[in-house]
Amino acid sequence: MTLLARAEKFIKSQGPECMPNKYGIKTLKGILKASGLFEITEPQDREQNSVFILYKSKLPH
């Protein structure tokens with residue numbers, strides 16, 4: 001699983017045109033959900049009182 005925030009940072013570094021709203025979706029998480037190609041989990045860090053988003057491909061490697 002990979003942090004969604006890390007992926008978003010990488011995508012943005014590739015070019016400003018690589019934004020979710022280009023596809024009519026507000027967030028990268030929304031794109032991952034809409035594609036149906038990724039498993040998304042949102043575990044909670046109770047110590048820091050926060051939630052982080054992880055994702056991984058559903059496709060066989």
Side-chain angles (χ1 to χ4, degrees):
M1 304 232 43
T2 303
L3 283 170
L4 184 60
R6 182 178 290 160
E8 190 166 24
K9 183 177 178 180
F10 172 76
I11 291 167
K12 286 180 180 178
S13 76
Q14 299 303 298
E17 70 281 355
C18 297
M19 300 300 293
N21 59 2
K22 178 179 179 179
Y23 305 100
I25 298 176
K26 292 182 182 182
T27 64
L28 180 56
K29 179 181 166 186
I31 289 175
L32 297 179
K33 282 184 168 183
S35 75
L37 298 174
F38 298 90
E39 176 184 337
I40 301 169
T41 60
E42 298 182 46
Q44 185 173 15
D45 183 343
R46 295 180 194 268
E47 290 180 13
Q48 294 186 17
N49 196 27
S50 62
V51 174
F52 53 98
I53 302 168
L54 299 169
Y55 76 101
K56 70 177 181 179
S57 174
K58 290 181 181 178
L59 300 175
H61 298 284

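Sequential numbering from 1 along the given sequence is applied to the chain's residues.
Alongside F52, the hydrophobic cluster contains M1, L3, L54 (criterion: ILVMFWY side chains under 4.5 Å).
The CD1 atom of I53 lies 9.0 Å from the CD atom of E8; values are rounded to the nearest 0.5 Å. Atom CD1 of I40 sits about 7.5 Å away from atom CG of L4, to the nearest 0.5 Å. Here the straight-line distance linking atom CZ of F38 with atom NZ of K56 works out to 12.5 Å at 0.5 Å rounding. Atom CD1 of residue I31 and atom NZ of residue K22 lie 10.0 Å apart, to the nearest 0.5 angstrom.
Applying the side chain to side chain donor-acceptor pair (under 3.5 Å) test to pairs two or more places apart or on separate chains, those with a residue in residues 40-49 are K29-E42. For residues 31-40, the set of pairs meeting the side chain to side chain donor-acceptor pair (under 3.5 Å) definition, not counting sequence neighbours, is empty.
The side-chain heavy atoms of L28 and I11, taken from C-beta on, include a pair separated by under 4.5 Å.
L59 and L32 fall within a single hydrophobic cluster, where Ile, Leu, Val, Met, Phe, Trp and Tyr side chains are chained together by heavy-atom contacts under 4.5 Å.
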